[in-house]
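Counting begins at 1 with the first residue of the sequence. These numbers come from the heavy atoms of this one structure, side chains and all, not from hydrogens, waters or symmetry mates.
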Amino acid sequence: MVVAAMAAAVGASEAALRLILGQMLGYPLMILYRQKVASQQTLVQHAYFFLTGLLAGWWVIGGDVKHSLYAIMTTYLILVVAGGTFTSVVVSFVFNFGYLLVGYYFTESEGYDICWTMPHCVLALRLIGLTFDCYDGERGKRAGAEALSKDQQKSAIEETPSLLEMLSHSFFIGGYFVGPQFPMKKFREFASPSYQESLPGSPNAYGFKRLGLGLCYMVAHVVGSIYLPADWPASDSFYNSWLLTKLILLPIWCRFILAKYLFAWLSAEGVCVISGLSFNGVKEGGFIDWKGCANVKVGRLEGSTKFGHVIESFNINTNNWVAVYVYKRLKFAGSRTISQVVTLLFLAVWHGFHSGYYLTFFNEFLTVKVEREFLAIWSRSAKAEKWLQDPQIALACKVLGWCWVFFILPHCFISFALLTYNKFIPAYFATYFLMYALFFTWPLWKGAVKDFLGGPLKEKEEKRVKGSSNMEKIEEKVEDEKVEEIGDIANKEVIQDIANEEIIQDIPTIPMEVDLIKDLVTEQEQEEIVVENVVESTEDKKDV
């Protein structure tokens with residue numbers, strides 16, 4: 001009754017407020033853990049993580065926390081019976097993903113549902129990933145570590161985890177409700193009695209900074225939603241507004257909606273930081289990296305000058321999971337296009353059955369495709385290079401890039417926020433489908449843009465891969481390179497400047513999270529080469 005009254009007072013649902021309070025409970029629990037429990041035996045620590053997470057889950061979603069227990073215990077039985085085999089991977093994948101989809105079928109409404117399927121979508125990935133890690137560990141034991149890729153070596157485990165370890169890993173309060181994902185191998189190290197003593201400093205300051213930043217986003221969401229609620233594009237107020245008013249207010253509305261996701265991820269990250277789990281080593285100059293569980297790069301996101309930046313900085317932990325456990329595992333298909341399509345389908349279905357999810361992915365596909373083709377022309381233009389030598393023009397180009405993202409992003413996001421076609425189709429009608437008009441007519445005026453910007457700087461840039469198929473080069477690249485560990489999750493060696501890497505455009509691309517995998521492959525095109533820069537590690541230090 002108290003929580004319901006509080007929720008009514010702030011204009012939120014009781015389920016949403018319980019989720020927030022349940023996540024906030026992680027802060028005192030992790031402070032208590034570091035003071036009293038961290039030095040205890042590993043079994044005691046696992047019991048603490050399991051029981052505290054279970055009780056928090058029960059308080060947030062009630063008796064439906066049983067679904068988490070069912071999934072964990074079934075996956076444990078699969079590993080006990082089948083071990084680290086391909087059979088266990090297939091059975092675990094089918095069971096956990098199928099369980100989630102059945103849950104969506106019975107609980108999904110026309111809006112966003114805060115129920116047991118919310119933490120379960122995180123849990124499904126965690127359990128599937130754990131099964132893969134056991135499989136990789138068994139392969140490494142039989143064929144040697146060199147049989148595994150670098151990503152697989154970092155997470156492979158040779159011993160099947162105990163039931164208590166799996167319960168602890170799954171119910172850890174820093175990652176149970178909204179993520180992030182972290183492998184069992186890392187979690188085992190974290191739960192050892194000597195781990196906290198090995199930390200070079202206290203994580204509290206950085207952890208509370210992330211919480212404070214998250215709370216700022218939550219305030220922005222709550223206040224902004226009073227004036228521009230989530231369903232504003234489906235309201236009469238939106239339909240009756242002038243087109244210019246819609247185009248100006250839509251980006252602000254989008255920021256208010258995104259703020260709730262940033263709050264959720266930042267608050268969860270703060271719990272992981274304070275626990276010590278997110279420690280990622282000491283970098284150059286004695287910089288202690290606490291970003292091992294980051295799910296958003298705030299500075300990069302807010303200052304994005306192209307959609308590639310948005311993709312790099314948003315939901316980055318899930319992006320990395322998909323890259324490692326889905327995309328790269330499809331190498332056997334022999335086709336990058338097949339790998340992309342399957343990965344994209346996995347991501348779309350993982351979100352749920354609403355048509356808005358699928359249209360959002362399609363919107364991102366169009367946006368990234370047009371953006372890449374334009375940047376291909378721009379990067380090879382002698383005229384553009386001359387302009388960029390003037391600092392004022394270079395600054396103006398950055399501002400224009402920021403405006404491009406700021407004003408186009410909400411049009412991509414309308415379908416994600418409204419979910420059902422009976423809401424988002426009228427909203428797009430009310431904007432005269434401007435985004436689709438822009439993208440679908442791009443082939444008509446692409447030539448004019450190319451003529452205006454001029455030809456390439458040098459014609460010496462020839463195709464590198466004569467005599468070998470593009471697929472062979474792609475497969476070689478996927479095998480040899482690491483996925484860029486988003487949010488500095490990986491070692492610093494992954495985050496290096498590859499400014500002169502040639503990326504060729506006409507190979508099909510995939511939107512949203514899967515686009516992050518672009519750094520795994522060399523894209524080849526007959527005409528255009530894009531020069532892409534990976535974010536330098538110093539950029540990430542701009543995050544609060």
Side-chain angles (χ1 to χ4, degrees), residues 1-10 12-30 32-33 45-80 92 94-131 161-181 187 260 264 267-268 271 349-354 419:
M1 294 296 291
V2 175
V3 177
M6 291 173 60
V10 298
S13 67
E14 181 179 355
L17 185 57
R18 283 185 177 273
L19 172 62
I20 294 171
L21 295 177
Q23 187 67 74
M24 292 299 99
L25 185 61
Y27 286 89
L29 286 174
M30 288 304 105
L32 177 63
Y33 161 74
Q45 296 189 44
H46 283 313
Y48 181 83
F49 294 139
F50 165 49
L51 293 175
T52 54
L54 178 65
L55 290 174
W58 176 80
W59 190 77
V60 172
I61 60 176
D64 284 338
V65 74
K66 64 187 177 184
H67 295 289
S68 298
L69 292 171
Y70 294 158
I72 296 166
M73 286 189 268
T74 302
T75 305
Y76 172 72
L77 291 176
I78 292 171
L79 288 173
V80 168
S92 174
V94 171
F95 169 75
N96 284 296
F97 203 53
Y99 199 114
L100 176 64
L101 297 185
V102 172
Y104 283 153
Y105 179 80
F106 285 104
T107 63
E108 210 167 56
S109 64
E110 290 195 358
Y112 284 94
D113 307 294
I114 298 179
C115 62
W116 67 268
T117 56
M118 179 195 60
H120 204 87
C121 70
V122 177
L123 179 63
L125 297 189
R126 186 163 300 157
L127 295 176
I128 292 170
L130 174 61
T131 315
S162 67
L163 179 58
L164 180 59
E165 281 183 309
M166 290 182 61
L167 291 167
S168 171
H169 181 228
S170 299
F171 277 105
F172 176 72
I173 196 170
Y176 175 66
F177 293 113
V178 296
Q181 300 292 341
F187 193 71
K260 68 180 179 181
S267 61
V271 175
V349 177
W350 178 71
H351 278 86
F353 297 133
H354 288 304
L419 291 181

>> Suppose we call two aromatic rings close when their centres sit under 6.0 Å apart. Are Phe187 and Phe49 close by that rule?
In response: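 Close enough - the centres of the two rings lie under 6.0 Å apart.
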
>> Between Leu69 and Leu54, is the side-chain contact (heavy atoms from CB on, under 4.5 Å) condition met? List the steps.
In response: CA-CA 9 Å; Leu69 292 171; Leu54 178 65; 4.3 Å; yes

Where is the tightest heavy-atom contact between [X] and [Y], given as atom of each residue plus distance?
X      : Y      : value
Tyr104 : Val349 : CE1-O, 3.9 Å
Gly175 : Val122 : O-CG1, 3.5 Å
Gln23  : Ser267 : CG-OG, 3.6 Å
Leu25  : Ala56  : CD2-CB, 4.2 Å
Leu419 : Glu110 : CD1-O, 4.0 Å
His46  : Leu164 : CB-CG, 3.8 Å

Approximate separation, where rounding is to 0.5 Å, of [X] [atom1] and [Y] [atom2]:
X      : Y      : atom1 : atom2 : answer
Gln181 : Ile128 : CD    : CD1   : 9.5 Å
Leu125 : Asn96  : CG    : CG    : 9.5 Å
Tyr48  : Ile173 : OH    : CD1   : 8.5 Å
Phe172 : Thr52  : CZ    : OG1   : 8.5 Å
Ile72  : Phe171 : CD1   : CZ    : 4.5 Å
His120 : Cys115 : NE2   : SG    : 11.0 Å

> Given side chains that start at C-beta, do those of Leu167 and Tyr76 come closer than 4.5 Å, heavy atoms only?
Replying inline: no

> Does Ser170 have any side-chain hydrogen bond (donor to acceptor under 3.5 Å, both in side chains) partners at least two apart in sequence or in another chain, and if so, which?
Replying inline: none

> Counting N and O atoms only, with roles assigned by atom type, does the side chain of Arg18 sit under 3.5 Å from a partner on the main chain of Ser13, one being a donor and the other an acceptor?
Replying inline: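 Answer holds: no.
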
>> Treating Trp350 as the side-chain partner and Cys121 as the backbone partner, does any N or O pair qualify as donor plus acceptor under 3.5 Å?
In response: yes

>> We want to know whether Tyr99 and His67 form a side-chain donor-acceptor pair, criterion being a heavy-atom distance below 3.5 angstrom.
In response: yes

>> Is a donor from one side chain sitting under 3.5 angstrom from an acceptor on the other, for Ser68 and Tyr176?
In response: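 Yes, side-chain donor-acceptor contact under 3.5 Å.
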
> What's the verdict on side-chain contact (heavy atoms from CB on, under 4.5 Å) for Tyr33 and Leu29, showing C-alpha distance, side-chain angles and the deciding distance?
Replying inline: CA-CA 6 Å; Tyr33 161 74; Leu29 286 174; over 6 Å; no

>> Are more than 12 heavy atoms, taken from residues, nucleotides or ligands other than Phe353, located less than 6.0 Å from that residue's CZ atom?
In response: yes

> What do the steps show when you test Phe177 against Val271 for side-chain contact (heavy atoms from CB on, under 4.5 Å), and what is the final call?
Replying inline: CA-CA 12 Å; Phe177 293 113; Val271 175; over 6 Å; no

> Is there a side-chain contact (heavy atoms from CB on, under 4.5 Å) between Trp116 and Lys66 once you walk through the steps?
Replying inline: CA-CA 9 Å; Trp116 67 268; Lys66 64 187 177 184; over 6 Å; no

